[in-house]
Amino acid sequence: MRRFDVIVLTCITVVLVAALAVISWRTLVTAEGILLPALDRKAEVVGRSLSQLVAQADRYGMDLENLVGVDAVFQTALAESSEFGALALLDPGGRVIALAMRNTSAGEPLRGLDGLPVGMRYVALPIASAGGEDLGRVAIGIPDTVTEAFVLDLWLDVAVVLLVSVLVTLELIAFAFAMGAGSSLRAIGQRLDSLRRGDLARHHQQQPGGGRLGEIVTGIDRRITALRMRQKELREAAFERRDAEAMVELDAIDRKFRLTRERVEPPLRVFAVRAPLFLFFFAEEMTRPFLPTFIGEVASTVPGLSREMVISLPIVLFMLIVAVLQPWLNTVTERIGRGRALRLGATAAVVGFVGTALAADLWQILAFRSLTAVGYAAVFVSAQGYIIDHTGGLNRARGLALLVTSIMVAALCGPLIGGIFADRIGIRLTFMVSAALSLAAVMTARLALSDDTGKTTERLASVSFRDILKVVLRPTMGLLLIGCALPAKLILAGLVFFMVPLVLSDEGFDQSAIGRVLMLYALAMLVIVPFVSRISQVQNRRPVLVILGGLLAASAVVHPFLWPEPWGAAAAVLQLGVAQALSITPQSALVGDIGRRVAPEISEGTLYGVFRVIERIGNAIGPLLAAWLLGGFGQGMTLTVLGAVVAVGAVLFAFAVLADARGASPIAMERG
Amino acid sequence: MRRLAIILLLTIAPVAVGAIALGAYLNFGSIRIIYIGLVHSRFDQLANRIGSDIEVALSFGLPLAGQDTLTPLLSREQSNDPLLNSIDVAGADGKVLFSSDPNRIGTDIATLDGTVDVRSRIVANDFGVPVGTVLARGSMTRIQRQLDGVAETVERTAAITGLLAVLISAIVILVPLRAFYAQALGAARLADDATESADDAFGWAIAEVETAHAAITARLGDRRGE
């Protein structure tokens with residue numbers, strides 16, 4: 001099965017790369033036919049201005065050779081026209097009197113025998129005195145590589161399109177193989193892959209499609225089950241007969257072929273939820289680069305609130321609605337059916353996106369973003385509930401990892417494409433594209449989750465305010481949640497979702513550039529989280545990873561002070577992604593570890609419910625705090641405070657962990 | 001298999017076509033932005049230069065309405081640029097005082113014209129008080145005509161590559177899918193309790209376990225006999 005995925009993806013990638021390369025090449029070749037003449041004309045206009053300036057100096061009796069400050073004037077003119085590589089003043093004999101050059105990445109350009117920089121073609125404008133005498137020429141140098149320089153940004157955008165297309169194709173292949181005959185084919189493929197490796201561990205109970213393929217899956221499973229049962233019988237018989245040699249042989253067979261092992265895999269039907277989930281979150285993530293800017297453009301001022309506070313209101317309200325609704329929605333989605341609830345949520349979001357696209361003032365934005373938030377919460381809870389309903393025990397973690405991966409891939413692709421669309425077709429139309437994607441999520445959910453019965457195998461615990469207090473008042477647990485989990489989401493929402501897009505937009509960066517900066521967070525998460533998930537299996541590493549992640553996240557705010565934008569923001573976002581990738585999995589595991597010791601009377605479901613609510617509260621507080629600080633005290637103070645909040649929380653949790661290590665707290669850290 | 005193939009084609013082919021269409025749009029869009037940027041830039045330069053000349057004259061005490069030499073200057077500059085409809089100089093009241101197009105004199109610059117792309121520069125006296133505006137008025141039709149050739153090339157190339165991409169995607173999906181499906185049907189023998197051989201790529205493990213089990217069963221049976 002994996003081979004099929006690899007073959008199809010590789011071929012589609014090659015096809016797309018080839019197609020996009022051909023289009024770019026043809027466009028560039030044709031475009032040179034209009035761009036180069038346009039450059040020449042611009043050079044003529046600039047040259048005429050400068051030659052008139054020099055001619056004027058001549059009318060005042062100044063000799064060309066003795067003109068002062070020509071280099072500076074030419075340097076200023078060069079700075080205003082980034083397409084030109086050099087500006088020169090030549091005497092009637094062609095000798096260079098004054099020269100301004102633009103340095104390349106390789107340093108100062110080489111000069112030819114005529115004294116002019118090489119690698120350029122020149123447009124020359126004559127300088128004539130009042131009496132018509134030839135005084136010389138102004139020469140404007142246009143680099144040979146000017147058209148390539150023009151399209152560098154374009155190639156970045158095309159690379160983004162390619163990356164997003166490949167990731168979307170991957171999701172759609174998974175979607176196609178999650179239904180009907182596709183799921184049976186996938187099931188057979190998984191079994192064949194295992195048999196080729198000699199891995200006879202039991203596959204998770206599948207529900208293959210009907211027909212010949214379904215029979216084959218059932219038949220293979222039956223045969224392997226027979227082998228496993230025979231292994232068990234023989235082991236028992238060998239034990240009864242005290243045949244050590246037989247037992248050794250049987251153990252060797254078990255080690256080689258994993259006959260007594262269980263495979264921890266989510267059932268295939270869980271994959272069915274990935275495509276609608278991915279499409280929906282893609283739709284929402286597309287809005288990240290430009291949402292603050294859009295709100296700022298549409299919303300009028302509100303007395304008593306700074307511009308930044310006004311901009312933060314829809315974002316904060318969105319996060320609050322999601323935080324408040326999630327615990328309650330679990331029961332609702334259970335009652336009406338996960339698939340139906342997901343479709344309803346995505347439909348609500350369609351209306352929300354369309355309304356936002358058409359919004360004319362702050363109140364309309366608030367209303368429609370609230371509707372989108374309701375949809376967002378419903379989709380997330382439905383998808384999570386669907387996975388929990390169809391998994392159990394060991395494979396639940398794998399199932400939920402699918403959900404997280406889908407969201408992270410959407411977080412990688414969404415801002416990239418959203419920024420490009422916003423620059424090319426405008427922000428309002430981009431909201432409409434989000435609406436279309438959300439509608440696609442409804443349709444794929446209809447196809448993929450159609451056998452939703454509304455029955456669940458396990459009830460997720462709802463969370464009350466009393467539960468929250470009960471949990472956070474346990475010192476170490478409280479420090480983990482309030483000191484680490486809440487600040488993590490606070491700085492994510494405040495810095496990445498609110499401050500970075502707003503500040504970069506105010507500084508003149510386009511939405512494509514902002515999208516490229518924002519995607520660095522998801523990129524870091526996608527690359528590092530799988531690795532950290534493995535190393536955080538060892539329990540005593542978890543507190544260290546959480547504290548390290550917290551301190552690394554806190555120090556990420558230093559970068560905007562050190563580097564010019566957008567590099568400062570990019571470095572901060574990337575470091576934050578790395579830091580949270582280090583801490584997210586161990587932090588989640590620690591909730592259970594610490595909870596079991598300090599609050600054994602509270603169910604794990606409630607503990608994790610409280611954990612999620614605290615995180616969502618952090619999501620809501622982040623933009624509010626960032627907006628208040630930005631409006632009142634500026635960027636520097638905002639970054640400092642955000643970093644300090646995270647750092648203090650991590651340090652306090654570190655003290656709690658140290659106190660525990662000295663035995664002063666009821667928690668015992670397990671070793672290895 | 002047919003249904004799966006159709007689903008795969010219906011989901012993946014639009015992604016490929018969409019990516020190519022978006023890539024083509026980005027290519028054309030970028031060239032359009034660059035070209036129009038260049039055109040605007042030279043219009044701005046022109047307006048700045050004329051505006052500077054006017055301000056120099058103003059500083060010598062010559063009022064804007066009295067700068068009659070502007071008319072030949074504007075005509076000369078407009079004739080140098082085929083994309084320009086006209087270059088106007090308007091007074092503080094927004095009425096055109098001088099223009100390369102005599103028909104425009106006396107008109108209001110605030111009147112909107114969707115076929116014209118205007119770049120302007122405020123002219124101010126030595127006290128910084130605006131006294132007029134220089135407007136370089138470009139023809140959007142002519143500007144667009146320059147871009148039409150590029151648009152046509154991009155559309156044609158995108159259409160051809162899009163079609164090829166769909167065809168190749170279909171082959172890329174169908175060929176391995178057929179092989180995968182055939183392999184899956186071939187796996188039926190694994191379900192049918194057939195005897196596997198040790199060099200069977202998929203059945204070797206089953207064969208080896210069954211052989212080992214048979215040997216151990218026989219030995220345990222012998223021991224029972226003992």
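Letters A, B, ... mirror the listed sequences (proteins, then strands); counts begin at 1. These numbers come from a predicted model, not from an experiment.
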Item to complete: Tell me the residues of residues 48-57 of chain B whose non-hydrogen atoms fall below 4.5 Å from those of chain A, in number order.
Response: B:Arg49, B:Asp53

Practice prompt. Find the distance between CG (A:Leu195) and CD1 (A:Ile188) and round it off to the nearest 0.5 Å.
Written response: 11.5 Å

Worksheet entry | Contacting moiety of A:Val8, where chain B heavy atoms sit under 4.5 Å | both

Fill in: Engaged part of B:Glu77 at the chain A interface, taking heavy atoms whose separation is under 4.5 Å
side chain

Discussion item. Nearest 0.5 angstrom please: B:Asp81 CG to B:Arg142 CZ, how far?
Written reply: 9.0 Å

Worksheet entry | Partners meeting salt bridge (charged side-chain N to carboxylate O under 4.0 Å, His left out) with B:Asp44 (sequence neighbours left out) | B:Arg119

Fill in: Residue A:Leu162 versus chain B: region with a heavy atom under 4.5 Å
neither

Fill in: Proximity of residues 166-177 of chain B to chain A, residues having a non-hydrogen atom under 4.5 angstrom
B:Ile168, B:Ser169, B:Val172, B:Ile173, B:Pro176, B:Leu177

Discussion item. Less than 4.5 Å to any heavy atom of chain B: does that hold for the side chain of A:Glu44, its backbone, both, or neither?
Written reply: neither

Worksheet item: Tell me, side chain or backbone of B:Phe43 under 4.5 Å from chain A's heavy atoms, or both, or neither?
Response: neither

Worksheet entry | Structural part of A:Ile417 lying under 4.5 Å from a heavy atom of chain B | side chain

Quick one: side chains of residues 31-39 of chain B, donor-acceptor pairs under 3.5 Å with protein atoms, not counting sequence neighbours, listed by atom name and distance.
none

Discussion item. Does any part of the side chain of B:His213, heavy atoms only, come nearer than 4.5 Å to the side chain of B:Val209, both counted from C-beta?
Written reply: yes

Item to complete: Heavy-atom distances under 4.5 Å only: say whether A:Gln52 touches chain B with side chain, backbone, both or neither.
Response: side chain

